[in-house]
Amino acid sequence: MNLNLFNTLTGKVEVLAPEPGKPLGIYACGPTVYDYGHIGNFRTFLEVDVLRRTLKLLGIPVRHVMNITDVDDKIIRNAAALNQPIGEYTARFEKAFFEDLDALRVQHPEIIARATEHIDQMVKLIQRLAENGAAYQTEDGSWYFRLAAFPAYGKLSKKDLTGMVDGARVDVDEYEKDSARDFALWKAAKPGETSWDTPIGRGRPGWHIECSAMSMEYLGETFDLHAGGEDLTFPHHENEIAQSESVTHKTFARHWMHVRFLLVEGRKMSKSEGNFYTLRDLLIKGFKASSIRLALISVPYSNQMNFTVDGLIDATAAIERLRTFHARLVEAHLEPGSTELKASAEQAETTFRAALANDLNTAEARAPIFELVRMANTALDKNQMLAGDRDAILETLVFFDSVFDVMEDHDAEATRHAIEWAVAEGRSAEIDPKLMAGLSLSDADVDNLIAERTAAKKSRNFARADQIRDELAEKGILIEDSKEGVRWKRK
RNA sequence: GCACCGGUGGCGAAGUGGCUAACGCGCUGGUCUGCAAAACCAGUAUUCGCGGGUUCAAUUCCCGCCCGGUGCUCCA
């Protein structure tokens with residue numbers, strides 16, 4: 001099955017397919033590692049994760065490159081304030097970034113490319129641009145891209161620059177540029193700032209050049225897909241196209257995918273609005289990593305989504321439904337054979353795949369899975385499910401989870417890491433007290449208490465049994481009695 | 001100001017020129033249960049921001065208005 005994906009460049013939904021015999025090349029803009037990632041950042045990485053998992057589901061091999069921007073103005077400023085080398089400063093946030101990705105079960109790209117490790121490639125690109133007359137050096141030693149050298153500028157963001165007049169917003173720092181809209185390729189070293197000694201002078205790279213240099217390094221001069229947040233369309237991606245195509249005279253990326261922004265509680269996320277969340281903020285407040293993952297990916301990437309605490313609670317309930325069902329299904333004692341439920345499971349899988357193949361419509365993809373859960377629960381209630389049905393349903397769930405990845409419970413681990421981090425950072429006061437109470441009880445402790453409750457129930461000592469259940473509930477542990485025995489879960 | 005995107009039940013959110021407008025959460029009633037939980041059943045939008053238009057037929061296409069969001073140089 002083909003993946004149909006909206007292409008920002010053409011404004012149409014088009015088939016995304018690799019060249020015969022080659023993996024599909026993806027370059028996705030990664031983080032600037034100057035702070036902890038917020039949920040807006042992670043929405044983008046999560047949606048790209050949905051993309052790569054869907055490609056795999058459809059049998060399309062992937063070569064996915066992500067950059068790490070580990071040198072820029074903010075990094076230099078913040079590292080200087082702490083009196084640290086920038087490498088030491090960025091290492092901390094890069095590590096945190098990958099811990100967060102792991103908590104959210106975002107698969108790692110095949111290739112991680114750090115800007116500071118590709119200075120040579122960037123310098124060579126700037127040299128080639130200079131040879132073409134598309135780059136020029138100013139008196140202070142900085143290099144700029146000459147927009148006038150690239151008439152197609154604006155084709156991605158659909159901007160017509162002919163009506164834009166120079167001079168309106170000239171940065172005082174950049175008075176030497178030929179045109180106010182020319183952008184920096186290379187920034188001349190300022191005293192005390194991190195810099196590299198290169199054939200084009202001492203300095204550091206501008207922001208856009210790293211993505212051109214590193215995508216070409218790992219994916220070639222033309223590649224299949226470039227992805228990122230919608231804010232990057234202009235100027236970042238537009239500038240990448242200008243730089244790259246001015247050198248190669250070939251199409252840079254054939255397909256462009258942009259993830260829409262999210263709102264938080266109906267408003268733009270911002271620190272001043274008080275609705276700015278890092279992943280870690282949410283984890284230590286007691287929200288589960290899986291809930292955050294499901295909430296963020298359940299709205300298709302192409303739609304603006306409203307991230308809310310209520311939405312997180314909803315996602316938690318939805319995941320509980322799936323996990324409870326899965327446990328019930330696995331435990332059930334079934335006779336051999338199969339019923340029409342088997343065909344329903346196969347149909348659900350087909351619908352699931354088709355929805356994802358249709359521009360990654362995750363909302364539509366979820367629906368047949370939940371419908372299947374309801375049908376299967378009904379059959380289990382009526383004792384009408386057979387072993388062959390179960391096999392088919394489990395298979396469908398495997399495909400579902402190969403993209404959604406919320407069935408298995410890894411949440412306690414992610415939460416524990418976040419708590420350890422908060423303690424180490426001196427932010428213990430922000431940790432939800434119930435979370436701490438729950439963690440004080442080990443799985444073995446819970447099992448022991450449940451055994452005691454079962455014994456109490458057997459001797460019809462319901463008062464004691466209910467007391468144990470209430471005690472556990474206070475620590476966020478819920479008990480479910482079933483035919484197959486007692487199940488429990490951490491809320 | 002200019003450009004683009006969106007407004008669907010209590011909430012979130014798909015979708016379609018014409019079958020009962022998915023799915024999740026919530027709520028109400030019932031079944032089951034020692035009581036719960038889980039699960040199931042039934043109910044929960046005669047209607048898709050407002051006003052026009054096109055059409056045999058519009059929530060779906062067109063126009064206007066109102067509201068929300070985003071972009072307009074380094075923010076995913």
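Lettering of chains follows the sequences in order, A, B, ..., and the numbering in each one begins at 1. The figures here come from the full heavy-atom set of this structure, side chains too, leaving out hydrogens, waters and symmetry mates.
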* Can a salt bridge be assigned to the pair A/R490 and A/D443 using a cut-off of 4.0 Å between side-chain N and carboxylate O? -> yes

* Structure fact -> Taken to the nearest whole Å, CG/A/N239 to C1'/B/rG71 is 15 Å

* Listed nucleotide nearest any side-chain atom of A/H38, set B/rA76, B/rC25, B/rU70 -> B/rA76

* Let me know which of A/N461, A/D481, A/N448 forms a side-chain hydrogen bond (donor to acceptor under 3.5 Å, both in side chains) with A/R453. => A/D481

* To do: Using only side-chain N and O atoms of A/K74, determine if any of them is under 4.0 Å from OP1 or OP2 of B/rC75.
  => yes

* **Options B/rC72, B/rU70, B/rG34, nucleotide nearest the side-chain atoms of A/D466** => B/rG34

* To do: Return the nucleotide paired to B/rC72: Watson-Crick means purine N1 to pyrimidine N3 with N6-O4 or O6-N4, wobble means G-U with N1-O2 and O6-N3, both under 3.5 Å.
  => B/rG1

* Indicate yes or no: does A/R146 engage A/D182 in a salt bridge with an N to O separation below 4.0 Å. => no

* **Touch class at under 4.0 angstrom, heavy-atom based, for A/E230 against every strand present** => sugar-phosphate

* Spacing of A/L380 atom CG relative to B/rU31 atom P, expressed in whole Å -> 22 Å

* To do: Take the protein atom CG of A/L263 and the nucleotide atom P of B/rC67, then report the distance between them rounded to whole Å.
  => 18 Å

* Cation-pi between A/R353 and A/F399: NZ/CZ under 6.0 Å from ring centre and within 45° of the ring axis? -> yes

* Asked: Are the charged groups of A/K489 and A/E480 less than 4.0 angstrom apart, N to O?
  -> yes

* Is it true that A/F93 and A/F97 have ring centroids separated by less than 6.0 Å? -> no

* To do: Any chance you could list the contact pattern along nucleotides 36-42 of chain B? Use B for base contacts, S for sugar-phosphate-only contacts and - for none, protein heavy atoms under 4.0 Å, 5' to 3'.
  => BBSSSS-

* For the pair made of CZ in A/R267 and P in B/rC67, what is the distance, rounded to whole Å? -> 15 Å

* Structure fact -> For B/rC25, the nucleotide meeting Watson-Crick or G-U wobble distances (both under 3.5 Å) is B/rG10

* Pairwise C1' distance for B/rG15 and B/rG9, with rounding to whole Å -> 15 Å

* Asked: Which letter, B, S or -, goes with each nucleotide of nucleotides 2-16 of chain B from 5' to 3', with contact meaning a protein heavy atom under 4.0 Å?
  -> ---S-------SSS-

* Structure fact -> Assign each of A/E371 and A/K268 the nucleotide of RNA chain B bearing its closest heavy atom; nearer the 5' end lies the nucleotide of A/E371

* **Complementary nucleotide for B/rC61 - Watson-Crick or wobble, under 3.5 Å** => B/rG53

* To do: Using a strict cut-off of less than 4.0 Å between a Lys/Arg side-chain nitrogen and an Asp/Glu carboxylate oxygen, indicate whether A/R464 and A/E452 qualify as a salt bridge.
  => yes

* Rounded to whole angstrom units, what separation is found between the CZ atom of A/R43 and the C1' atom of B/rC75? -> 16 Å

* Scan every strand shown for a Watson-Crick or G-U wobble partner of B/rC40, both distances under 3.5 Å, and answer none if you come up empty. => B/rG30

